[in-house]
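Computed from heavy atoms alone, side chains included, the values below leave out hydrogens, waters and symmetry copies. Everything numeric in this text was worked out from a predicted model, so none of it was measured.
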Amino acid sequence: MAKLRFLLLLLLLFIGVENNIGAQEAMIFGNATEYKGSEILFYTYSDYITETEYEVGRCKVERDGKFSAKLKVLETSFVFAHLGVYRIYFFAEPGKRYELVLPPREDKTEAQRLNPFFRETDLQVGIKNVDRHDINFLINAFDLRFNQDFNRIVQDAYRGRQHNIDSLITRIEEKFAGTGIRFFDDYREYRYGLLRQITFIKKSTATSNELFLNRPVLYRNPAYMELFNLVYDKYFLFFSRTSQGNAIFDDISRYKSLGKLKRTLATDDVLSNDTLMELVILKSLHDEFFSDNFSRSALLTILDSIYRTTSIPEHVIVAENIRNRITKLLPGFVPAPFSLNDVNGHEVSLDRFKGKYIYLNFCTTTSYTCLKEFVQLEKISRQYKKHLEVVTISADDNIDDLKSFLENSKYDWTFLHFGKKPEVLRDYDIRVYPTYFLIGPDRKMILSPAPSPEEGFERRFFQLLRSKGEI
């Protein structure tokens, strides 16, 4: 029922109910012969807390270079596409047509492609048929003017040198005020708020009272959400240090009660608006899942309570996105699926091993620790073959290096190469080699991370089998 509820709310938010919302699509088109044969996918963020990408349209560039696509947007939305080393972006409005001018093609190098943490260069895409009143023209012109002073002012603020921010804002507003476009007016207001916040002219409490309390939540405006994420960053931790906020730890970790948590937070005047409070709770849950300040199971219980009780469609989506992100490596949850090639070019997915325990490890053939533990992995693979499948994902830059290594070593458990899906390293949060996980026959995570062979994995696995009556 919860999943059905989420899907219905997602449908309402992104697709719309025609009779009640009057949903329209934006249209993009153009000509880019350099990209012929390529498929371009366009995304927006389904929320700006987790920055989960949501596809709104796609197109294929034909042999003559022509392309076109319909984008599903209900309101002015930040839309982007990953295009080689670039992330092109623009603002799409329902009912409008945009003739895009794509940048010269520059594909990622193999090293860049295999690096899941490679950062593409953000580039506002050119639009041929734009006029001076279009939101893209206005935001581009504003950002160019605003950014002229932003970096210098922020650096000076950290050095103790203050600028007359209000005077600067007045000068900028002389050029951009009076457009009558609400999205653009809000965009400027929250960019100015960001400048005041970063330069310490205003404290978070004052910014919250002025720009967030009893104001509409602008879920789709990136300037609003950037300032929101800054003002309420790690809010639980900071508020818990106050006399009225020290009950937060009991509310979450002891009672696991959303109601108690809300009553405690209501003592902070900046959160007297219920909608804002709920969004701040979601933001704080997201932040704290990646710290050690609160029990993760307790945080998950609070998150599920919001998911079940909220009446705000956007908050259902944020809660679902947070849950998907934080549970994928938690014991008891199904980790991210993958489908990778072995050295013979055969595609192997995680589902292939369903019904057996999987000792999954990420290694490179140039790591001394990995090579040393391969000897023990071979012993574990042979001894527990009936119950356990050892699966090694190689992060070597070139699959030929893995092939050469296996030809010389003769190890015969499953070796896969990450090159077909380099994001698998990000999905499993791989920071060092080797890293190990134990996945159960039902595909749910058991140990994350799991001990390495040298850290006593065999003993832990033997105890697990014995507790299950399997040996």
Report the residues that fulfil salt bridge (charged side-chain N to carboxylate O under 4.0 Å, His left out) with Arg263, sequence neighbours left out, ordered by chain and then residue number.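 Partners of Arg263 under the salt bridge (charged side-chain N to carboxylate O under 4.0 Å, His left out) test: none.
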List in chain and number order the residues that pass salt bridge (charged side-chain N to carboxylate O under 4.0 Å, His left out) with Asp134, two or more places apart in sequence or in another chain; answer none if no residue qualifies.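 By the salt bridge (charged side-chain N to carboxylate O under 4.0 Å, His left out) rule, Asp134 matches Lys96.
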Without hydrogens or angle criteria, can the side chains of [X] and [Y] be said to hold a donor-acceptor pair below 3.5 Å?
X	Y	answer
Glu173	Thr170	no
Thr364	Asp396	no
Asp47	Asn321	yes
Ser204	Gln197	yes

Between Lys262 and Asp251, does any NZ, NE, NH1 or NH2 come within less than 4.0 Å of an OD or OE carboxylate oxygen?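 Salt bridge between Asp251 and Lys262, a charged N being under 4.0 Å from a carboxylate O: no.
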Would you call Asp185 and Arg182 a salt bridge, taking side-chain N to carboxylate O under 4.0 Å as the test?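 Arg182 and Asp185: not salt-bridged.
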Centroid-centroid distance, [X] to [Y], less than 6.0 Å:
X	Y	answer
Phe91	Phe78	yes
Phe249	Phe294	yes
Phe212	Tyr232	yes
His315	Tyr219	yes

From [atom1] ([X]) to [atom2] ([Y]), nearest 0.5 Å:
X	Y	atom1	atom2	answer
Ile358	Met445	CD1	CE	9.5 Å
Ile302	Ile281	CD1	CD1	8.0 Å
Glu110	Asp397	CD	CG	8.0 Å
Cys59	Phe29	SG	CZ	12.5 Å
Asn398	His417	CG	NE2	6.5 Å
Ser68	Tyr98	OG	OH	16.0 Å

Below 3.5 Å, can you tabulate the donor-acceptor pairs from side chains in residues 81-89 to any protein atom, sequence neighbours excluded?
from  : atom 1 : to     : atom 2 : distance (Å)
His82 : ND1    : Glu120 : OE1    : 2.7
His82 : ND1    : Glu120 : OE2    : 3.3
His82 : NE2    : Glu53  : OE1    : 3.2
His82 : NE2    : Glu53  : OE2    : 3.0
Tyr86 : OH     : Glu106 : OE1    : 3.4
Arg87 : NE     : Asp122 : OD1    : 2.7
Arg87 : NH1    : Tyr45  : OH     : 2.7
Arg87 : NH2    : Asp122 : OD1    : 3.4
Arg87 : NH2    : Asp122 : OD2    : 3.3

Has [X] got more than 12 heavy atoms of other residues, nucleotides or ligands less than 6.0 Å from its [atom1]?
X	atom1	value
Lys36	NZ	no
Lys421	NZ	yes
Lys328	NZ	yes
Asp64	CG	yes

With sequence neighbours excluded, what pairs up with [X] under the side-chain contact (heavy atoms from CB on, under 4.5 Å) test?
X	answer
Arg105	Glu34, Tyr35, Ser38, Asp107
Ser272	Leu213
Lys256	Ser297, Ala298, Thr301

Can you confirm whether [X] sits close enough to [Y] that some side-chain heavy atom of one is under 4.5 Å from a side-chain heavy atom of the other?
X	Y	answer
Leu195	Phe150	yes
Leu425	Phe362	yes
Arg171	Leu168	yes
Tyr54	Ile317	no

Ile28 and side chain to side chain contact (heavy atoms under 4.5 Å, CB included): which single residue from Leu100, Val79, Ile40 fits?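 Among Leu100, Val79, Ile40, the one meeting side chain to side chain contact (heavy atoms under 4.5 Å, CB included) with Ile28 is Leu100.
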Using modelled atom types only, decide if a donor and an acceptor are shared between the side chain of Asn140 and the backbone of Asn136 within a distance under 3.5 Å.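 Here the side-chain-to-backbone pair does not exist.
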Is the side chain of Thr109 donor-acceptor paired with the backbone N or O of Gln112 at a distance under 3.5 Å, no angle test?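 Flag set: sc Thr109 to bb Gln112 pair under 3.5 Å.
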Here's one to test your reading of the geometry: is the NZ or CZ of Arg188 within 45 degrees of the ring axis of Tyr192 and under 6.0 Å from its centre?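 So Arg188 doesn't make the cation-pi contact.
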What's the verdict on side chain to side chain contact (heavy atoms under 4.5 Å, CB included) for Thr44 and Arg220, showing C-alpha distance, side-chain angles and the deciding distance? CA-CA 9 Å; Thr44 190; Arg220 312 306 303 163; 3.1 Å; yes
Taking every non-hydrogen atom, the tightest pair across Pro335 and Tyr428: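 Minimum heavy-atom separation between Pro335 and Tyr428: CB-OH, 3.5 Å.
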Is there a side-chain hydrogen bond (donor to acceptor under 3.5 Å, both in side chains) between Asn293 and Glu288? Walk through the geometry before answering. CA-CA 7 Å; Asn293 298 316; Glu288 295 301 340; 3.0 Å; yes
Tyr224 and ring pair (Phe, Tyr, Trp, His ring centres under 6.0 Å): which single residue from Tyr190, Tyr187, Tyr48, Phe183 fits?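 Result: among Tyr190, Tyr187, Tyr48, Phe183, Tyr190 is the only option passing the ring pair (Phe, Tyr, Trp, His ring centres under 6.0 Å) with Tyr224.
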